[in-house]
Every structure is written in C-alpha cells, then in structure tokens.
Amino acid sequence: MRKILLFGFALSFLFCNAALAKEEFLTEVDSHSYLSADIFQFNSDYSKVLTLNRGKLTLNNKVIANLGTDTAHLISADVSGKPVYARRKKSSGIISPYPWTLFWGEKREPEFDSMQMAVSSDEDKFAYVGSTKDFSVPLGMKNVVVEDGRTIETVLGGVGFLKYNKKGVLAYVKVIPGSNNEDRSKDKMILVFDGKKVGEYQEIESLDFDSDGRIVASVLKNNERFFLHGSKEYSIEGLKFAPWIYLSDQGGHLAITANQSNLNWAILDGKKTSVDGYKESLQPMVFSKNGSHLGFMIFNSKTNKSKIVIDGKEYEGNDTTYFYLLNNGKPLLLEGKGIESLRDGIDGKILTRNLYSPWDGPSIASDGENYAFAQQKSKSGGGGQVVFKGKRGKFYSDIQSLHIAPGGSVVVYIARKFNTKSLELDSFMVMGTEEGSAYDQIWPPVFSEDGKNLMYLARKGEKIFRVSEEIK
C-alpha cells in the first residue's frame with residue numbers, strides 16, 4: 001500500500017511512479033447534515049473547501065461567517081480566499097420578502113431583491129447580476145452587472161448567460177424589451193464580451209467558449225440562423241431551428257450539425273463537410289483529441305441500419321452504438337444492444353465483451369493515443385478491473401472516475417472494495433497498480449497544469465483531507 005505522510009515523503013514505487021504523497025487536513029463536516037446535501041464547495045485544485053454546517057460558514061476549517069439557521073443562503077465557490085455568499089431572513093420557515101445581502105470576503109455589497117452569480121476562481125474574478133424591482137422600467141426590474149465590486153452596466157431589461165471563459169473574460173446577454181412588453185418577439189438581445197458589444201440579435205439560444213476562450217453561440221438575426229465563432233458569423237441558409245454545436249478538446253476546432261425536413265447540414269470550422277445532404281438521422285459529432293479527425297453515425301429508420309462516417313469515408317455500423325476517435329483516426333467502437341463490447345478499430349479485434357459501466361466509455365489520454373477501459377468479470381457482474389496498454393489490474397467491487405494522467409503513461413481511478421471489519425466499502429485512489437490509503441469517500445482526481453501532480457479530496461468520518469501526489 002502506498003503510504004500517506006503529512007509533510008513527509010514516500011518511497012518511489014516501480015509500478016505506480018508515485019514519488020510523493022501528502023495528506024493535508026482541510027475541514028471537518030457534520031457527516032449527517034453533509035450527507036443530506038449541506039453546502040460543500042471547492043475550487044479547481046481542491047486547495048480550498050467552503051462548507052456550511054449549522055449556520056457556520058467555514059473556509060478550510062476557519063469560521064469566516066456565522067450566518068445563523070434562520071436565513072436562506074446563496075453561496076459561491078471560493079475566490080482568491082474571499083468566499084462570496086448572500087443571505088436573507090426566513091419567516092416561519094418560508095422565505096421572506098427581505099432582499100438578499102451579499103458579502104464578498106469582508107466587504108458588504110448592495111442589497112438586491114434577487115441575484116445570479118458567475119465565479120472564475122482560477123482567475124480570481126467574481127461577477128454577479130443584482131436585480132431590483134422597479135415598475136417604472138420595462139419588465140418591472142432593473143438589473144446591475146457587477147464585476148469585482150465595480151458596476152459594469154445597469155440594464156433596464158433582463159440579463160442572462162453570465163459566464164467566464166477560461167481566461168477570466170466575462171460574457172453576458174442583455175435583453176432589451178420592445179415597445180410592447182407583452183410581445184417578447186420584439187425584444188432585442190445584445191451579446192457583450194470583455195465589456196464590448198459583439199452583436200445584436202433577435203434570439204441567442206446558446207453561449208459557450210472554445211478551448212482558446214473564443215465565443216461560440218447560436219443566434220437568430222434578421223430571421224436567419226447563424227452560429228458565432230469568435231468574431232465570425234456563419235449562416236445556414238433556410239435553417240429554422242437552432243443547430244447543435246460540438247467543440248474539439250484541443251485546437252479550437254468547431255463543428256455544427258442541424259436537421260430540418262430530414263436533411264442534415266454539417267460545417268467544420270466554417271466550411272461544409274461531406275455530412276452535408278445526408279437525409280438519415282445524424283448522431284453527435286466525434287472529434288479526435290487533436291481535432292484533426294471528425295466522425296459521426298447516421299441511422300436510417302426505414303432500413304434500421306447504421307453507418308459510421310470518419311473523415312468523409314463510410315463504414316457499415318453493424319452493432320455499433322457509439323464510438324471514440326484516436327489521434328490517428330482509428331475508432332474505438334462501443335457495440336451491442338447493452339453496449340457490452342469494445343472493439344479496436346473498424347473490423348478490429350474485440351477488446352472486451354463485458355464492459356464495466358459502458359456509458360462512461362473508455363478513457364482516452366490527452367495525447368489522443370493511449371486509452372484505458374474497465375471490464376466486468378462476467379456478463380452477470382462480479383466487480384470490475386481496469387485494462388491499460390494490454391495489462392489488467394485487480395478486480396474491485398466498484399470502479400469510478402477512470403483517468404489517464406497527462407503524458408499518457410499512468411492510469412488513475414477510484415476503486416472500492418469490501419472491508420470485512422467495518423462491513424462497508426472502502427475507497428482507494430489507485431495509481432498504476434498501487435492503492436492509496438483507504439477513505440470513506442473520495443472525489444474525482446484532478447491534475448496540475450504541468451501534469452506532474454495529482455490531487456483529490458478524501459473523507460474519513462467527518463474529516464476532509466486534500467491528498468496530493470507527484471507523478472513521474
């Protein structure tokens with residue numbers, strides 16, 4: 001077993017490549033109230049945990065506010081050590097009409113009747129929209145967009161899609177009512193990004209960002225459907241419904257598909273692909289990790305047959321339900337009515353006929369080449385084991401959160417097995433073939449940006465720990 005040492009060191013193991021494991025106590029929770037959905041939030045690397053137990057708000061076990069039990073709470077994740085929370089009084093168990101009082105660290109923000117929040121903890125930024133009833137303005141509501149304590153804009157209408165991209169740049173949509181408050185079709189929607197107007201539209205149906213932080217949105221303009229990618233607008237002539245948008249993990253590649261009158265469109269990075277014109281039902285787009293290969297499935301309801309299309313070339317679908325693409329363009333096929341089989345490539349060998357938790361699929365490394373999967377002992381169950389680079393791990397009662405560490409050389413997952421003393425399931429973080437210490441519960445692992453460290457949260461009784469390890 002891999003030893004966990006507080007501010008100490010651990011031996012380096014041949015199989016797991018773990019050079020150092022450290023357990024840091026973060027906080028203590030009331031296990032009963034915690035299990036009944038008490039406030040429990042954390043930032044992206046698990047270094048800060050915000051909890052609310054019996055009216056006390058704590059950050060890494062330090063009480064930062066006593067909110068009491070007679071208030072309703074709206075709590076955000078931690079931002080640069082300054083938790084954001086709001087509260088208002090309750091009356092006989094029913095939410096009162098009193099406004100929300102919002103706090104950012106020790107700073108008290110203005111009061112509002114309602115609010116929505118967006119937090120970018122990695123970039124130390126925080127924004128919210130505070131709403132105040134005002135029947136002298138359209139919609140009877142005045143909205144204020146606030147970022148880092150500064151008023152960005154007061155909107156005499158609605159505000160939606162408040163969110164940050166990965167670089168900490170804020171985007172939101174302003175809804176400006178038309179002359180007739182009862183006719184919403186006359187409303188104008190204005191997309192704002194980084195404090196600047198991107199465009200004015202009749203509708204904005206979706207708003208997201210690609211891997212480079214550029215805007216990706218589906219909009220209606222002059223009664224014509226467009227999708228936005230960065231500063232560019234792309235149209236699909238005659239399209240009446242919003243398209244589906246798919247983003248690649250790397251490289252910022254973007255594909256959209258749309259179906260109208262049983263005719264499909266597909267556009268990759270603004271250019272039509274061979275998908276264009278298919279009349280069969282088009283299944284979700286699949287990218288390889290590097291974005292250089294694009295695939296999808298089509299299904300003909302009349303013949304009840306499917307086809308796989310990869311980079312414009314068609315293959316018979318047979319029993320394939322879904323597939324993944326490696327960086328070399330080879331697919332990993334999920335097959336069978338119960339999605340019990342995994343096949344290595346078109347007409348390739350079957351890797352297993354007993355997939356464990358098949359809807360999770362295989363885990364593909366960030367390099368887009370290596371992959372791992374979990375399989376059952378038999379079709380009837382009997383626990384699961386992980387298979388990585390052809391090598392099989394131990395069987396466990398349960399396997400969760402299967403990952404491959406950056407670099408593609410080490411597999412990491414949560415395993416659970418029966419403890420004959422406590423008569424309960426213990427949870428372990430497994431790296432390679434080595435088990436970490438046993439806990440009552442473990443949260444999914446995350447990796448540092450340089451890929452050299454693994455972090456996860458673990459609970460033992462009422463105590464929450466942050467465990468970190470170096471990967472070599």
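Index from 1, following the sequence.
The backbone N or O of H293 lies less than 3.5 Å from a partner atom in the side chain of S288, making a donor-acceptor pair. Between the side chain of R214 and the backbone N or O of S231, no donor-acceptor pair lies under 3.5 Å. Not one N or O on the side chain of Q441 forms a donor-acceptor pair closer than 3.5 Å with the backbone of S427. With hydrogens and angles ignored, the 3.5 Å screen pairs a side-chain donor or acceptor of K167 with a backbone N or O of D212. Between the side chain of K163 and the main chain of L207, a donor-acceptor pair closer than 3.5 Å is present. Side-chain N or O atoms of D113 include one that pairs as donor or acceptor with a backbone N or O of K133 at under 3.5 Å. Under a 3.5 Å cut-off, the side chain of R459 and the backbone N or O of G461 do form a donor-acceptor pair. Using modelled atom types, one side-chain atom of N327 and one backbone atom of N290 make a donor-acceptor pair closer than 3.5 Å.
Residues passing the side chain to side chain donor-acceptor pair (under 3.5 Å) test with N370, sequence neighbours excluded: D367. With sequence neighbours left out, the salt bridge (Lys or Arg N to Asp or Glu O under 4.0 Å) criterion links D134 to K142. Residues satisfying the side chain to side chain contact (heavy atoms under 4.5 Å, CB included) criterion with D450, sequence neighbours excluded, are S448, K452, N453.
Between the side chains of S131 and N143, at least one donor-acceptor pair of N or O atoms lies under 3.5 Å. A donor and an acceptor atom, one from each side chain of E147 and Y172, are nowhere located under 3.5 Å apart. With 3.5 Å as the limit, one finds no donor-acceptor pair spanning the side chains of E369 and N328.
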